[in-house]
Amino acid sequence: MMQNLPWLFLVLPLVAAAVDWLILARRPWAAASVSIISVITTLMLCIAYLCGMQTGTPSNYVWFPVQDFDLSLGLLMDALSMKMMLVVTGIGALVHIFSLGYMKGDPSNHSRYFAGLSIFMFSMSCIVLANSLILTFIGWEMVGFSSYLLIGHWYHKDSAADAAKKAFITNRVGDFGFLIGILLTLGLFGTLHYADMAGHMKVAEGSPVLTAAILCLFCGAVGKSAQFPLHVWLPDAMEGPTPVSALIHAATMVAAGVYMLVRLQVSMGLVAFTETACCVIASVGAITALLSALMATQQDDIKRVLAYSTLSQLGYMMMAVGLLAGQAAMFHLYTHAWFKALLFLAAGAIIVCCHHEQDIWKMGGLRKKMPVTVLCFLAGTCALIAVPGFSGFFSKESILEAALERNNVPLFVLGVVVAALTTFYMVRLCLIAFCGHARTHEAEQAQEAAPTMLVPLLILAVLAIISGYGFVADQLVPYGGFHAADTEWGVTLFAGLGALIVGGGLAWLLYGKPGTLAGKTDPLGANPVSRALRQRLYIDAFYDHVLVGGVQRWFTCLVSCLDDGIIRRLIGQGLALLTAWVGRLLGRIQGGSLRGYTLLTSLGVLVLMLILILLF
């Protein structure tokens, strides 16, 4: 019994979701309590395992046998998975608690909301603890389903319903490639179990088939971690409740792609990641980081700024994966989880206290109205823009250092540029939302957040500061044998400080003036470049009008031809006309003339005789 205790990581959230949905549908507080108890229990269980609690190896369960290969489901309890579980359950617990204050007074179904959170926790636990690509894929699809439920929680809003569908469908595109990659992996390694992959590669290093398999698996990460060109769903996912945004953006769904690729690097060995595959992965990550940072510079929705920031930071992580620097990727994933959860939850507290206003140009003066919340947000901002001493500084420096060590100067330079852009748009956000005077009545009436929201913010603020230091990171970074490197004076440090000074100084010059802080619109808004960045470089418009619209029009024509031309006219009406014509023909034969009947009978006998003669 004790040996299978780890299965509680999956059973508890799944049972909580079922109870909330089926039994406590009309008792929201009871449903919230069940979900919170479930996630806190899994967090405590994870801490116990990391502190040395041993219960043996969890049993594997055979799904169904396929000749000499058994598809089995099991859990992999190593340093990578268990430390990642700490991040998932830790942030999940804080998001659940924060949701009590955030959803208070919301007219939607709270039981359905907390059931969705529990399904999400079950799905992420499947991905993190899976011992094979089969269970990973099950969790992969379940997390897509649960995110669909959570993003579309306020389904009465067309924007939320559309965002949920957009996220679900966009992820299906990447998942199709992921499924092909799983099948290729089975052919190349003869197994889908992570523990059995090392040393069982059936093709030579650098084989094109191996490159194809890795890139197909990478397609799944492109969809789930919202990399270019499948990045379009993540900013729209802001239509869901803000705690959902924190859960999706911090360390769970969007981090799953990075975690999966690092897991494959550990299991297959770095030799399986060919030079071509690594080049593609690093390039896609770099492009995503740059484009997202550019788009974030001209967004006015506080959550959308943070969403594009997440895209940019995920690009950093993918770049590190492509550089075969799995330690750096997981280090940044770990620190980013805490400070991005902090930023989103702090933004949620600000939105609630500003009567659900999300436009930063309709805020202002919040540092006096909500000092603790704003201070927590600033702590997350300092970590994000890599201010020395904060966690993001250490992890971002490790990625830039990895680019230099591999002599990849273009990626290093691009990483520094993205760091400067990150500083620019976050300083811009803080100046507009927190400084100056209140621009609207809602901002004037804002007050400090409730304790249920402040406590998670304070915990995350502490972690955003200390999680990058060696005495914490060495123990908790989700990577076996990780050791935080000491900061050294060199190109990386000076480049990071330069990016911080340039980005912050430019933001201050453009948005720090009293006249700008008193305004209600961006002074750069009329600029054609700004308009393009506000419109997401027209990538979404291209998808909507050319790809989606064009495909829909093509399918409409095809369906119209099949339905109207073939089924209705040719088959339906054609058969009816043929039957009528045959009926009329036979009707003429039945004319009532005895001589005619005799003639037809004689002709029939002659035809029958000719057939018999020819056959015999």
Side-chain angles (χ1 to χ4, degrees), residues 249-251 258 285-286 288-290 292-294 296-297 305-306 308-320 323 325 327-344 346 376-405 411-431 460-470 472-473 477 484-508:
H249 285 251
V258 177
T288 303
L290 179 60
S292 302
L294 286 171
T297 59
V305 173
L306 297 179
Y308 280 108
S309 169
T310 300
L311 286 174
S312 185
Q313 299 307 305
L314 287 168
Y316 264 116
M317 298 175 208
M318 283 297 178
M319 192 168 68
L323 291 169
Q327 283 194 348
M330 294 306 292
F331 187 20
H332 196 53
L333 184 153
Y334 161 75
T335 59
H336 176 264
W338 306 114
F339 66 69
K340 186 53 62 71
L342 170 63
L343 288 170
F344 266 109
C376 291
F377 192 97
L378 291 176
T381 299
C382 290
L384 174 59
I385 65 178
V387 172
F390 288 79
S391 60
F393 167 77
F394 301 103
S395 58
K396 189 174 292 186
E397 187 179 65
S398 68
I399 294 177
L400 296 177
E401 189 66 36
L404 271 188
E405 288 177 357
L411 288 184
F412 176 81
V413 172
L414 189 142
V416 174
V417 171
V418 171
L421 290 172
T422 303
T423 304
F424 174 83
Y425 64 69
M426 288 306 298
V427 173
R428 169 184 178 266
L429 185 157
C430 293
L431 288 172
L460 288 169
V462 172
L463 289 169
I465 297 172
I466 69 171
S467 60
Y469 289 92
V472 177
V477 168
D486 295 331
T487 301
E488 298 180 358
W489 295 96
V491 176
T492 304
L493 178 61
F494 289 118
L497 293 176
L500 192 66
I501 294 170
V502 170
L506 187 59
W508 181 266

Worksheet item: When rounded to the nearest 0.5 angstrom, what distance separates CD1 in I399 from CD in Q327?
Response: 12.5 Å
Item to complete: Quick one: closest heavy-atom pair of A461 and L342, and the distance?
Response: CA-CD2, 3.6 Å
Worksheet entry | side chain to side chain donor-acceptor pair (under 3.5 Å) partners of E401, counting only residues at least two apart | T492
Show me the donor-acceptor pairs, under 3.5 Å and distance only, between side chains in residues 376-393 and residues at least two apart or in other chains.
unit_1, atom_1, unit_2, atom_2, d
T381, OG1, F377, O, 2.9
S391, OG, A464, O, 2.6

Worksheet item: Listed by chain and number, what are the ring-ring contact (aromatic ring centres under 6.0 Å, His included) partners of F339, not counting sequence neighbours?
Response: H336
Fill in: Those residues that, when tested against V416, pass side-chain contact (heavy atoms from CB on, under 4.5 Å) (two or more places apart)
L400, F412, A495, A499
Worksheet item: Of all heavy-atom pairs between K340 and L306, which one has the smallest distance, and what is that distance?
Response: NZ-O, 3.8 Å
Discussion item. Can you give me the closest heavy-atom contact between A286 and L411, atom names plus distance?
Written reply: CB-CD2, 3.6 Å
Worksheet entry | S292 to L311 - nearest heavy-atom pair and separation | OG-CB, 3.1 Å
Worksheet item: Residues two or more places apart in sequence or in another chain: which of them pass side-chain contact (heavy atoms from CB on, under 4.5 Å) with L506?
Response: F424, L510
Discussion item. As a test of understanding, state which of V418, T288, V258 forms a side-chain contact (heavy atoms from CB on, under 4.5 Å) with Y316.
Written reply: V418
Worksheet entry | Spatial distance of atom CG (L314) from atom CG (L333) [nearest 0.5 Å] | 8.0 Å
Item to complete: Could you pull out all residues at least two apart from F394 that satisfy side-chain contact (heavy atoms from CB on, under 4.5 Å)?
Response: F331, Y469, T487
Worksheet, complete the sentence: Taken to the nearest 0.5 Å, the spacing of L290 CG from L421 CG works out to 7.0 Å
Item to complete: Could you tell me the separation between the CD atom of E405 and the CG atom of L323, rounded to the nearest 0.5 Å?
Response: 10.0 Å
Practice prompt. With sequence neighbours excluded, tell me which residues meet side chain to side chain donor-acceptor pair (under 3.5 Å) with Y425.
Written response: S309
Worksheet, complete the sentence: Nearest heavy-atom approach of A325 to A402 is CB-CB, 3.7 Å
Worksheet entry | With S395 via side chain to side chain donor-acceptor pair (under 3.5 Å) - residues at least two apart | H332, T335
Worksheet item: Is there any salt bridge (charged side-chain N to carboxylate O under 4.0 Å, His left out) pair reaching into residues 377-387, and which pairs are they, with sequence neighbours excluded?
Response: none
Response to the item:
Looking only at heavy atoms, the pair that brings L463 and S467 closest together is O-OG, 2.6 Å
Fill in: Where at least one partner belongs to residues 492-501, residue pairs that pass salt bridge (charged side-chain N to carboxylate O under 4.0 Å, His left out), sequence neighbours excluded
none
Item to complete: Just do the side-chain contact (heavy atoms from CB on, under 4.5 Å) check on Y334 and V472 with the steps written out, would you?
Response: CA-CA 11 Å; Y334 161 75; V472 177; 3.4 Å; yes
Worksheet item: Once you round to the nearest 0.5 Å, how far does OG1 of T310 lie from CD of Q313?
Response: 8.0 Å
Worksheet entry | side-chain contact (heavy atoms from CB on, under 4.5 Å) involving V462 - partner list, sequence neighbours excluded | I466
Fill in: Pairs where residues 496-505 contributes a residue and the test side chain to side chain donor-acceptor pair (under 3.5 Å) is met, not counting sequence neighbours
none
